[in-house]
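One structure below.
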There are 2 protein chains.
Amino acid sequence: MTSSRQGDLFDPLCPTRQVLDRIGTKWTSMVIKVLAEAAPEEVRFGELRRRIPGISQKMLSSTLQSLVRDGLIARRVEPTVPPRVHYRLTELGLSLETPLAALRAWAETHVSTLLRNNRLAEQLAPHTQGEESPARS
Amino acid sequence: MTSSRQGDLFDPLCPTRQVLDRIGTKWTSMVIKVLAEAAPEEVRFGELRRRIPGISQKMLSSTLQSLVRDGLIARRVEPTVPPRVHYRLTELGLSLETPLAALRAWAETHVSTLLRNNRLAEQLAPHTQGEESPARS
DNA sequence: CTGTATCCAAGTAGATACTG
DNA sequence: CAGTATCTACTTGGATACAG
């Protein structure tokens, strides 16, 4: 748990924030997911790009760099011309996949409820306000 | 604003992204954590603010609104003067706490490695190119 | 093929002031 | 007490061009 005090969950000392700041960015979770599905096989840059529709070279590049810096994925360069670069999850990255999979499971189960709640709140509460939330459970 | 079209064009929108977009924002995870620790007790606005150092009224307010809209937390107003507003996790919110706790556990275990990896990468690779990742496993 | 560099649009968060 | 309104700074992400 937290080190010293419960009320003190702020600052760069809050691990959850650190982690969420990393995996919460737009493309990170998708990159990890693709690499996790491919594991233990490596995936090349262009292949990642193809498997993540909509991502730009810049974002894929910077996302991969962050993850490499964190030690979550490993980068291997074939010294050919032109070069081929391969990525794979490290052990650390694979270990993250476990709680991430749990979150994914929750997401797939409940995202429809979440979206429905939003729609309901949007429809029937532009200025009117009930006290209860749309749907729980 | 959120004038979302329903076609959802280039993305077979993954639920995980939807969820991460919500809990990945700066203060959301902290609000959920505080409410989860207090559960099943309710927490008032000012109390939340006190327990989350650094958060502004505006951010707390908008964060809470998002979570209420999602149905993750419930809002109860005491019709007094001045009013007292109480927040608590809904069943849905509590169910999210489970995978979130798993992520928290991972974070607390591995965040030091993550940060160390970053420091190492920063030190020994400003422009020099090693092909090796700092620490895996 | 795998990146980097630049510029720009959009979203997110902070400070401050004001209200029922 | 519990918000809202506004204005601004910072950050993120996208488009494009170019390089090793």
Side-chain angles (χ1 to χ4, degrees), chain A residues 10-12 17-18 20-31 42-69 73-88 125-127 129 131, chain B residues 1-4 9-11 13 17-18 20-31 35 42-69 73-88 125-131:
Chain A
F10 185 53
D11 280 339
R17 261 277 307 280
Q18 294 288 324
L20 280 175
D21 279 349
R22 287 151 205 278
I23 68 172
T25 57
K26 183 160 188 180
W27 301 105
T28 310
S29 60
M30 285 194 229
V31 170
E42 297 175 313
V43 184
R44 289 178 56 187
F45 186 91
E47 179 65 15
L48 278 168
R49 202 185 167 192
R50 256 174 272 125
R51 293 202 203 175
I52 306 174
I55 197 170
S56 63
Q57 282 140 341
K58 177 197 165 187
M59 288 316 297
L60 180 53
S61 186
S62 64
T63 301
L64 287 169
Q65 281 176 9
S66 293
L67 292 169
V68 168
R69 267 174 50 111
I73 66 178
R75 181 180 187 267
R76 183 174 67 86
V77 184
E78 272 188 80
T80 56
V81 178
R84 297 176 198 176
V85 186
H86 306 258
Y87 294 93
R88 64 171 174 83
H127 56 289
Q129 194 146 38
E131 78 167 52
Chain B
M1 297 293 276
T2 45
S3 52
S4 47
L9 350 93
F10 57 99
D11 217 323
L13 218 37
R17 260 285 304 284
Q18 296 285 327
L20 281 175
D21 280 350
R22 290 171 156 78
I23 67 173
T25 55
K26 183 159 188 179
W27 301 104
T28 310
S29 61
M30 284 193 240
V31 170
L35 289 177
E42 297 175 314
V43 184
R44 289 176 57 185
F45 186 91
E47 179 65 14
L48 278 167
R49 201 184 168 194
R50 231 179 19 81
R51 293 202 203 175
I52 307 175
I55 197 170
S56 63
Q57 282 140 344
K58 177 197 164 189
M59 288 317 297
L60 180 55
S61 185
S62 63
T63 301
L64 287 169
Q65 282 176 7
S66 293
L67 291 169
V68 168
R69 266 173 51 109
I73 69 179
R75 180 181 188 267
R76 183 173 68 85
V77 183
E78 271 189 82
T80 57
V81 178
R84 297 176 198 177
V85 186
H86 306 258
Y87 295 93
R88 63 171 173 81
H127 56 289
T128 351
Q129 221 286 331
E131 69 188 39

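A note on names: the letters A, B, ... follow the listed sequences, proteins ahead of strands, and every chain is numbered from 1. What you see is a predicted model; the values in this text were computed from it and never measured.
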- prompt: Between T63(B) and M59(B), which heavy-atom pair has the shortest distance, and what is it?
  reply: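 For T63(B) and M59(B), the tightest heavy-atom pair comes out as OG1-O, 2.6 Å.
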message: Counting the atoms with a prime plus P, OP1 and OP2 as sugar-phosphate, which does S62(B) contact under 4.0 Å by heavy atoms, base, sugar-phosphate, or nothing?
response: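 Answer is nothing: S62(B) stays at 4.0 Å or more from every strand.
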- request: Remember a base hit wins even if backbone is also touched, and classify Q65(A) as base, sugar-phosphate or nothing at under 4.0 Å, heavy atoms.
  value: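 If one applies the 4.0 Å heavy-atom cut-off, Q65(A) turns out to touch the sugar-phosphate alone, with no base involved.
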Length of the line joining [X]:[atom1] and [N]:[atom2], which is rounded to integer Å:
X	N	atom1	atom2	answer
R44(B)	dA2(D)	CZ	C1'	9 Å
I73(A)	dT2(C)	CD1	C1'	14 Å
E42(B)	dA2(D)	CD	P	12 Å
R49(B)	dG14(C)	CZ	P	12 Å
F45(B)	dA2(D)	CZ	C1'	6 Å
K58(A)	dC8(C)	NZ	P	13 Å
Q57(A)	dA5(C)	CD	C1'	13 Å

Taking the side chain as everything from C-beta on, heavy atoms only, tell me whether [X] gets closer than 4.5 Å to [Y].
X	Y	answer
V31(B)	Y87(B)	no
R17(B)	K26(A)	yes
L20(B)	T28(A)	no

- prompt: Counting only side-chain N and O atoms of R75(A), is one of them less than 4.0 Å from OP1 or OP2 of dG3(C)?
  reply: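 Indeed, a polar side-chain atom of R75(A) lies that close.
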message: Looking at dG14(D), I'd like to know if its phosphate oxygens (OP1 or OP2) sit under 4.0 Å from a side-chain N or O belonging to W27(A).
response: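 True: W27(A) side-chain N/O within range (under 4.0 Å) of dG14(D) OP1/OP2.
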- request: Please determine, for the side chain of P83(B), which listed nucleotide (dG20(C), dG3(D), dG3(C)) has the closest atom?
  value: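 Of dG20(C), dG3(D), dG3(C), dG20(C) is nearest to the side chain of P83(B).
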field: DNA chain C: 5'-proximal contact among G46(A) and M59(B) (nearest heavy atom)
entry: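 The residue mapped nearer the 5' terminus is G46(A).
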field: 5' precedence on DNA chain D between G24(A) and P82(A) (nearest-nucleotide basis)
entry: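 Between the two, 5'-proximity favours G24(A).
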